[in-house]
Amino acid sequence: MPGRLHVLVVSEDAAVRERLADELPDFVGDSTTDVRVSTADSPDGTRAELERARIDCLVVSTEVADSEGQPRVSKRRVDGVPRVSCEVATVADRDRDLDTLGLAVYDAARTAVGSLDHRALFEAVNVGLAVRNLETLELVDINQHYLDILGIDRESVLDTSPTYVTPDVPGYDSERAFDEVETAREEGENAFTWPIENAAGDTVWIRVSLTVAEISGRDRLISTVEDVTAERRRERDLEAFKGAVDAVDAGVAITEHDKHVYVNEAAADICGYPDAEAMLGTGWGHLHDEAELERLRETVPPALEADGKWQGEVAIRRPGGVLVPARFSITSLEGDRNVIVFQSLSEQKAREDELERSRDFLERTQRISKVGGWELDLATDALAWTDQTKRIHEVPLDYEPTVDDAVEFYATEERDRVRELLDRCLSAGVPWEDEFRLVTAEGSELWVRSRGEPVIRDGRVAALRGTIQDVTARRTREDELERMNAELEALNRIVRHDIRNDMAVVVGWAELLREHVDEEGADILSRILSTGRHTTEITEVARDLMETMSGGGVETRPMSLSNAVERELAVRREAFPHATFEVDGAIPDVAVRANPLIASVLGNLLNNAVQHNADDTVVTVSATVDDDARTAVVRIADDGSGIPDARKSVVFGKGEKGLESTGTGLGLYLVHQLVDSFGGEVHFEDNDPTGTVAVVAIPLAAVD
C-alpha cells in the first residue's frame with residue numbers, strides 16, 4: 001500500500017536514535033511507502049516535534065519513564081498518535097528486532113488512524129492540499145499537486161508562509177492574507193482567489209479554500225487550492241469582451257434555442273427593457289408582433305441554413321407596445337445558437353422623415369414664392385435645375401438643360417447681357433442680380449429675377465450657383481401702379497388748380513352778397529358759404545391724400561415744430577371764431593422729420609376737435625420732447641363728448657366718421673397715412689373730465 005509515514009523516534013541513547021533514523025525506513029511497509037524518521041532525545045524535544053509536524057507513529061525507548069515506571073512521553077503525546085515501545089539493547093544489536101519494530105510501527109499507524117490510506121488519498125486528489133499549524137501557520141504537510149503548482153520541491157517549501165510566494169500584485173499583500181486567515185479562524189472556513197509566484201517567476205492564480213479541522217487531535221488549517229489561471233484569463237477576456245460589446249452603439253444578443261442567453265445594455269435599451277438582465281430568457285415572441293414573427297419565421301431560418309447569416313429590417317415591439325424599426329444582422333453558431341447585432345433605425349427614420357418634410361416644405365415654398373435654384377459644375381459643364389426652375393421654364397421635370405439651352409430661353413435682346421454676366425462670374429468671380437424677360441418652352445413671356453454667384457474651391461471658381469424667380473406679377477403691379485400714379489397726378493392737378501380755384505371764386509363772390517340780401521337770404525347765403533368752404537376743404541384733403549398715395553409724402557426733411565403748430569392755430573382761430581384755441585406751455589423749438597404735409601396732419605386734427613363738438617369748444621394744444629424715444633409728442637385736447645372706446649382703434653380707417661359728422665371720413669385716414677410716412681404714431685385718448693386727446697409722436701430730425 002503506497003503512502004507517506006512520519007515516525008518520531010524518542011530515545012536518550014544517541015546510537016539508538018541514529019540507527020533507527022538510518023535503518024527503520026527499510027523495515028516499515030514496502031518499497032512504495034515513503035517513511036520519514038525524526039528523532040528527539042527528551043520529552044521537551046518530543047513535544048516540540050509533535051507541535052511542529054504531523055506525526056503518524058511514536059517509537060519510544062523504554063528508558064524514558066517517570067518515577068512510577070510509566071513512559072514519560074506518553075503523558076506528552078497528543079491523543080490519536082500511536083505509540084510503539086522498543087528495547088534499546090535489542091534494537092541496537094539485532095536486525096530481527098528492527099524487522100519486528102517495523103511491522104509494529106506500520107500496523108500501529110495503519111490501525112490507529114489509517115495513515116497510509118489517508119496519505120494515498122492526500123496524494124491522489126486533483127487539487128493542491130496543505131496543512132498548517134492553525135496558530136503559527138507553519139507548514140505541517142503538503143501534497144505533490146500543490147508542489148507542482150508552486151514548481152518547487154518539498155524541502156524548499158516547508159519553512160515558507162503564504163506571503164513568501166505572493167507576487168507584487170496590487171491589492172494582494174500580507175495584511176489582506178492575514179485577514180483571509182482570520183476569517184477562516186473565526187468562521188471555520190473561507191474561500192477566495194489569490195495570486196502566487198511559482199519557481200519560474202510567473203504569476204499563478206489559485207482558488208483557495210481554507211478549512212479549520214482537527215487532525216490527530218490538533219486543530220489544523222487545511223488549504224485546498226486549484227490553479228485557475230486559465231479560467232481567470234478567460235474571465236478577464238470575457239469581461240473585456242463584454243465591456244467592448246457594451247461600449248458599442250449597437251445591440252448585441254446571443255440566443256440559444258430562440259431564447260436570449262446574453263444581451264448587452266444597448267440591446268436592452270433598444271428593446272425597451274430596464275436592463276440586460278431583465279431581457280434574459282425572453283424569446284423572439286417577446287420582441288415582435290404576430291405578423292412580424294410570421295415573416296421572420298419564413299425568411300430567417302432558410303437564410304441561416306443556406307448562408308449562415310441573415311440581414312434585414314425588423315420591427316421590434318417594446319413591452320409597452322411601441323414599435324421600433326431596427327436593422328438586424330443574424331449569424332448562426334453551433335448548437336442552435338445565434339449572434340444578433342442590431343441598431344435602432346428610429347433616429348434614422350426620423351431624420352429621413354424630417355428630410356422628406358424639408359424637401360416637401362422647400363418644394364411648396366418654391367412653388368408659392370416661384371423661386372427656383374440652379375447650379376453649374378464647371379468640371380463637368382453639367383447644369384442642374386430644381387423642379388421649380390423647370391416649372392418656370394415650362395419644361396418637363398425630367399428635362400436636362402445645357403448652358404446654351406438656358407441662355408436661349410431669354411428674350412433675344414437679353415441674351416448678350418446674360419452671357420456677359422455669366423462670363424464675368426466665371427472669369428472674375430463677380431456675382432450678379434438683375435431682371436430679364438424670358439420666353440418659356442410653351443411661349444409664355446415672363447419677367448424673371450436671376451441671381452448668380454461663384455463657388456470658390458482652392459482659390460478658383462469651381463461652380464456657379466444661383467436662383468431664378470418669376471416676378472411677372474410684381475412687374476405687372478408696378479406697371480399698373482405707374483399708370484395709376486400718372487392718373488392720380490392728373491387728378492391732383494385738376495383738384496389743386498381747377499376745383500379748388502373755382503370754389504375759392506364761388507366763396508369770394510358769395511361773401512360779397514352779405515350786404516345785399518335780406519334776413520331770409522342771409523340764411524341761404526350762410527348755407528352756400530358753409531358748403532363752399534366744406535368743398536374747398538374736401539379738395540385740400542383729397543389733394544394731400546393723392547400726393548401721399550402717389551409717393552409725394554414719403555420724402556422728409558427737418559421741419560420746425562413750433563412754426564407748424566403756430567401757423568395752423570392761426571388759421572383755425574380765423575376759421576372757427578366761436579371756438580377757443582389755447583396753448584399749454586411753450587411749444588418746443590425743435591425740428592421734426594416731416595415735410596410740408598405736417599400742416600395737413602395738424603390742421604385735420606384741429607378741425608376734428610372743433611367740427612365734432614359744440615361751437616364754443618375749447619381746444620388745448622401742448623407739446624413735449626421724449627429724449628429717450630427721440631420723438632416730439634403733440635397733444636391736441638378738446639372738451640367735447642369724446643370718442644367711445646370701441647371706436648378709438650378704427651377712427652383712422654378710410655371712410656370712418658362719427659355718427660353726427662358732416663365730414664368725408666378721409667381726414668383722419670390722411671392723418672394716419674402721413675404720420676406713418678414720417679415714421680411716427682398717432683392715437684386717441686380720453687380727456688379729463690370730458691373730451692378727447694389726439695396724441696401725435698413724430699421723430700426728431702437727425703442733427704448733422
Where do [X] and [Y] come nearest, in terms of heavy atoms and distance?
| X | Y | value |
| --- | --- | --- |
| P195 | Y172 | CD-CD2, 3.3 Å |
| W205 | T193 | CE3-CG2, 3.7 Å |
| M279 | A268 | SD-CA, 4.0 Å |
| S332 | N338 | CA-OD1, 3.2 Å |
| G251 | I270 | N-CD1, 4.0 Å |
| E313 | L345 | CD-CD1, 3.6 Å |

Can you tell me which residue pairs pass the ring-ring contact (aromatic ring centres under 6.0 Å, His included) test with a partner in residues 297-333, sequence neighbours excluded?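 Sorted result for residues 297-333: F328-F342.
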side-chain contact (heavy atoms from CB on, under 4.5 Å) with R17: which of D41, V37, V10?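 That would be D41.
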Please name the residue in the list V181, V212, I222 that meets the side-chain contact (heavy atoms from CB on, under 4.5 Å) test with L134.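 Only match with L134 under side-chain contact (heavy atoms from CB on, under 4.5 Å): V212.
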Do the non-hydrogen side-chain atoms of [X] and [Y] ever get within less than 4.5 Å of each other?
| X | Y | answer |
| --- | --- | --- |
| H288 | R317 | no |
| V314 | W284 | no |
| L20 | L101 | yes |
| L287 | H260 | yes |
| N198 | I152 | no |
| R207 | E231 | yes |
| I456 | V461 | yes |
| I254 | V339 | yes |

What do you reckon, is [atom1] of [X] surrounded by more than 12 foreign heavy atoms closer than 6.0 Å?
| X | atom1 | result |
| --- | --- | --- |
| E277 | CD | no |
| E400 | CD | no |
| E189 | CD | no |
| D22 | CG | yes |

Answer with yes or no whether the side chains of T229 and D227 bring together a donor and an acceptor at under 3.5 Å.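 Yes, because at least one side-chain N or O of D227 sits under 3.5 Å from a partner of the opposite role on T229.
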With rounding to the nearest 0.5 Å, note down the distance linking [atom1] in [X] to [atom2] in [Y].
| X | Y | atom1 | atom2 | result |
| --- | --- | --- | --- | --- |
| I55 | H6 | CD1 | NE2 | 4.0 Å |
| T224 | L210 | OG1 | CG | 8.0 Å |
| L98 | L103 | CG | CG | 11.0 Å |
| Y146 | I206 | OH | CD1 | 4.5 Å |
| F27 | D99 | CZ | CG | 6.0 Å |
| I316 | S344 | CD1 | OG | 7.5 Å |

Should Q311 and I330 be marked as a side-chain contact (heavy atoms from CB on, under 4.5 Å) after you check the CA-CA gap, both sets of side-chain angles, and the distance that decides it? CA-CA 6 Å; Q311 291 183 344; I330 306 176; over 6 Å; no
Are E256 and K259 ion-paired here, with the side-chain N under 4.0 Å from a carboxylate O? no
Keeping the roles fixed (side chain from [X], backbone from [Y]), state whether a donor-acceptor pair exists under 3.5 Å.
| X | Y | value |
| --- | --- | --- |
| D377 | A379 | yes |
| R132 | L221 | no |
| R185 | E135 | yes |
| N264 | A250 | yes |
| R327 | V341 | no |
| N190 | E182 | no |

Going through the distances and angles, do R176 and F192 end up as a side-chain contact (heavy atoms from CB on, under 4.5 Å)? CA-CA 11 Å; R176 179 174 174 181; F192 53 91; 5.6 Å; no
I'd like to know whether T282 forms a side-chain contact (heavy atoms from CB on, under 4.5 Å) with Y273, so could you lay out the CA-CA distance, the side-chain angles of the two residues, the decisive distance to 0.1 Å, and finally the verdict. CA-CA 11 Å; T282 62; Y273 285 81; 3.8 Å; yes
Residue pairs meeting salt bridge (Lys or Arg N to Asp or Glu O under 4.0 Å), one or both in residues 292-302, sequence neighbours left out, come to E290-R297, E292-R295
S85 vs R83, side chain to side chain donor-acceptor pair (under 3.5 Å): CA-CA, chis, key distance, verdict: CA-CA 7 Å; S85 299; R83 180 175 59 83; 3.2 Å; yes
